[in-house]
Colleague: 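Following this message is one structure expressed as structure tokens.
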Amino acid sequence: MQALKFGEQVSLVFTTVLNEMRLGLVEEEKEGEREVTDRDYWEKRAGKTTLAMTDELFQTLKSWDSELALRYYKFKIGLTKNGQPNNFVVFRPKKQWLRLEPRLERSDEVDAKLEEAGLDIMDYHSRSGRYRIKLNAGDIKKHQGLLHELLQMAYEKARD
């Protein structure tokens, strides 16, 4: 913090030195989150419909970066690039819907776009830095532009 004096007026200038510091394991590094499974496990757990939704969103990502691949874990479906985890977005298929979790800094702009679109925003998980968006059948086609934009933002942020 700095105090600057202009004539009789005093102004305070604040500078962020350290934002949030994450200690210990982040959510996706907890025990069990890294336990690798396969597609059959997820077909039995969530069903083919929500896996097809995951595949549809993944094809968008794959069009930007052909080295991306899905990796199936016990509690999520993540991404790898050249065999290394690159989870700028994770998928959590359920029986009736898909939870999409792009890693983005929370912003009023993104919040407003999601609210205006009428998407079911479950919450923002500040510890992992992810929006949690519930997608039902038809939401991908209906909100294709916005979902594409969110995925692109998360992808670009991960490249920085």
Side-chain angles (χ1 to χ4, degrees), residues 18-115 117 119-137 139-160:
L18 178 66
N19 252 350
E20 181 179 339
M21 188 172 174
R22 296 179 186 176
L23 300 174
L25 300 175
V26 293
E27 177 185 344
E28 61 198 0
E29 295 172 346
K30 289 180 183 174
E31 198 60 43
E33 284 286 313
R34 291 190 274 169
E35 187 177 327
V36 178
T37 60
D38 59 15
R39 189 172 180 92
D40 288 340
Y41 169 85
W42 279 98
E43 283 183 2
K44 292 173 188 161
R45 180 178 177 161
K48 292 183 179 185
T49 303
T50 53
L51 272 181
M53 293 170 67
T54 301
D55 292 339
E56 187 175 348
L57 291 168
F58 175 66
Q59 288 310 312
T60 299
L61 302 173
K62 190 88 167 153
S63 70
W64 301 330
D65 191 336
S66 62
E67 295 174 340
L68 290 173
L70 291 174
R71 178 162 290 167
Y72 301 92
Y73 297 95
K74 186 174 181 180
F75 297 115
K76 70 179 180 200
I77 300 173
L79 297 172
T80 62
K81 181 173 179 170
N82 298 322
Q84 298 299 312
N86 190 4
N87 293 318
F88 60 88
V89 63
V90 296
F91 308 94
R92 296 184 195 269
K94 309 295 182 186
K95 291 204 180 285
Q96 301 296 321
W97 48 274
L98 169 67
R99 189 166 82 198
L100 176 69
E101 297 183 9
R103 181 180 289 140
L104 294 168
E105 289 183 26
R106 187 171 201 174
S107 74
D108 292 338
E109 178 186 353
V110 172
D111 289 346
K113 286 181 180 186
L114 290 168
E115 190 173 313
L119 282 169
D120 188 348
I121 305 134
M122 299 174 77
D123 64 358
Y124 181 83
H125 192 260
S126 58
R127 188 166 177 196
S128 66
R130 295 183 184 280
Y131 279 91
R132 294 179 180 179
I133 305 164
K134 180 179 177 183
L135 297 174
N136 293 302
D139 282 344
I140 294 174
K141 284 196 186 342
K142 184 177 178 183
H143 302 288
Q144 184 176 18
L146 176 58
L147 294 172
H148 176 79
E149 181 181 349
L150 294 173
L151 293 173
Q152 181 75 39
M153 289 168 57
Y155 175 72
E156 292 298 328
K157 184 174 184 267
R159 291 177 49 181
D160 291 343

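Below, each value reflects all heavy atoms present in this structure, side chains not excepted, and no hydrogens, waters or symmetry copies.
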Colleague: Check for a donor-acceptor pair, side chain of Asp65 on one end and backbone N or O of Glu67 on the other, with a separation under 3.5 Å.
Modeller: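 Yes, because the side chain of Asp65 sits within donor-acceptor range (under 3.5 Å) of the backbone of Glu67.
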
Colleague: Ignoring hydrogens, what is the shortest heavy-atom contact between Phe58 and Leu68? Give both atom names and the distance.
Modeller: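 Between these two residues, the closest heavy atoms are CZ-O, 3.5 Å.
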
Colleague: Any non-hydrogen side-chain atom of Pro93 less than 4.5 Å from a side-chain atom of Trp42?
Modeller: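 They are in side-chain contact.
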
Colleague: Can you tell me if Tyr73 uses its side chain to pair, donor with acceptor, with the backbone of Glu35 under 3.5 Å?
Modeller: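 Not confirmed, Tyr73 side chain does not pair with Glu35 backbone.
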
Colleague: Distance-only, no hydrogens or angles: does the Asn87 side chain make a donor-acceptor pair with backbone N or O of Val90 under 3.5 Å?
Modeller: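 A pair under 3.5 Å: no.
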
Colleague: Between the main-chain N or O of Tyr41 and the side-chain N or O of Tyr72, is there a donor-acceptor pair closer than 3.5 Å?
Modeller: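 Flag not set: sc Tyr72 to bb Tyr41 has no pair under 3.5 Å.
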
Colleague: Tell me if a side-chain donor or acceptor on His143 pairs with a main-chain N or O of Leu146 at a distance below 3.5 Å.
Modeller: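 Side chain of His143 to backbone of Leu146, a donor-acceptor pair under 3.5 Å: no, none is there.
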
Colleague: Inspect the contact between Lys76 and Glu101 and indicate whether a charged nitrogen and a carboxylate oxygen are less than 4.0 angstrom apart.
Modeller: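 Salt bridge between Glu101 and Lys76, a charged N being under 4.0 Å from a carboxylate O: no.
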
Colleague: Decide if atom CD of Glu156 counts as having more than 12 heavy atoms of other residues, nucleotides or ligands within a radius under 6.0 Å.
Modeller: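 Correct, the count exceeds 12.
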
Colleague: Assess whether atom CD of Gln144 is packed by more than 12 heavy atoms of other residues, nucleotides or ligands within 6.0 Å.
Modeller: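 No, not enclosed.
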
Colleague: Anything under 30° is parallel, anything over 60° is perpendicular, the rest tilted; go ahead and classify Trp64 against Tyr155.
Modeller: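 Correct class here is tilted.
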
Colleague: At what distance, to the nearest 0.5 angstrom, does NZ of Lys95 lie from OG1 of Thr49?
Modeller: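 Reported value, rounded in 0.5 Å steps: 10.5 Å.
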
Colleague: Hey, is the main chain of Arg103 close enough, under 3.5 Å, to the side chain of Lys157 for a donor-acceptor pair?
Modeller: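 Checked: no pair found.
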
Colleague: About how many Å separate CG of Asp120 and CZ of Arg99, when rounded to the nearest 0.5 Å?
Modeller: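 Rounded to the nearest 0.5 Å, the CZ-CG separation comes out at 11.5 Å.
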
Colleague: Just verifying a value: how many Å separate Met153 CE and Lys113 NZ, rounded to the nearest 0.5 Å?
Modeller: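 Atom-to-atom, Met153:CE and Lys113:NZ are 6.5 Å apart.
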
Colleague: Under a 4.5 Å cut-off applied to non-hydrogen side-chain atoms, are Tyr131 and Asp111 in contact?
Modeller: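 Yes. Closest side-chain heavy atoms under 4.5 Å.
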
Colleague: Would one find more than 12 heavy atoms of other residues, nucleotides or ligands at under 6.0 Å from atom CG of Asp108?
Modeller: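 Incorrect, the count does not exceed 12.
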
Colleague: Between Arg132 (side chain) and Leu100 (backbone), is there a donor-acceptor pair under 3.5 Å?
Modeller: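 Here the side-chain-to-backbone pair does not exist.
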
Colleague: So do Leu135 and Leu57 actually touch side chain to side chain, heavy atoms under 4.5 Å?
Modeller: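 Touching, per the 4.5 Å side-chain cut-off.
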
Colleague: If only atom types and distance count, is the side chain of Thr50 paired as donor or acceptor with the main-chain N or O of Leu98 below 3.5 Å?
Modeller: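 Such a contact is absent between Thr50 side chain and Leu98 backbone.
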
Colleague: Using modelled atom types only, decide if a donor and an acceptor are shared between the side chain of Ser126 and the backbone of Gly129 within a distance under 3.5 Å.
Modeller: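 A pair under 3.5 Å: no.
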
Colleague: Check this for me: Lys142, atom NZ, are more than 12 non-hydrogen atoms of other residues, nucleotides or ligands nearer than 6.0 Å?
Modeller: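 No, the 6.0 Å shell around NZ holds no more than 12 heavy atoms from other groups.
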
Colleague: Are the side chains of Asn86 and Thr80 in contact, using a 4.5 Å heavy-atom criterion?
Modeller: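 When only atoms from C-beta onward are counted, Asn86 and Thr80 do not touch, as no gap falls below 4.5 Å.
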
Colleague: Measuring from Lys81:NZ to Leu61:CG, what's the distance to the nearest 0.5 Å?
Modeller: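 It is 11.5 Å, given to the nearest 0.5 Å.
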
Colleague: For residues Ile133 and Met122, determine if any side-chain heavy atom of one lies less than 4.5 Å from a side-chain heavy atom of the other.
Modeller: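 No, their side chains stay 4.5 Å or more apart.
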
Colleague: Could you check whether any side-chain N or O of Tyr124 sits under 3.5 Å from a backbone N or O of Ser107, counting only pairs where one atom can act as donor and the other as acceptor?
Modeller: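 The answer is no, because no donor-acceptor pair under 3.5 Å joins these two groups.
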
Colleague: Could you tell me whether Lys94 atom NZ has more than 12 heavy atoms of other residues or ligands within 6.0 Å of it?
Modeller: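 Atom NZ in Lys94 is packed in, count exceeds 12.
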
Colleague: Using a strict cut-off of less than 4.0 Å between a Lys/Arg side-chain nitrogen and an Asp/Glu carboxylate oxygen, indicate whether Arg39 and Asp55 qualify as a salt bridge.
Modeller: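 Looking at Asp55 together with Arg39, the answer is yes, because their closest N to O distance falls below 4.0 Å.
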
Colleague: Look up atom CG in Leu147 and atom CG in Asp139, then write down how far apart they are to the nearest 0.5 Å.
Modeller: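 The CG atom of Leu147 sits 7.5 Å away from the CG atom of Asp139.
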
Colleague: One pair to check against side-chain contact (heavy atoms from CB on, under 4.5 Å): Leu70 and Phe91. What are the steps and the verdict?
Modeller: CA-CA 10 Å; Leu70 291 174; Phe91 308 94; 4.1 Å; yes

Colleague: Could you report the tightest heavy-atom contact between Met53 and Asn136, atom names first, then the distance?
Modeller: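 For Met53 versus Asn136, the nearest heavy atoms are CE-O, 3.5 Å.
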
Colleague: Measuring from atom NZ of Lys44 to atom OG1 of Thr37, what distance do you get when rounded to the nearest 0.5 angstrom?
Modeller: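 So the gap between those two atoms works out to 11.0 Å.
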
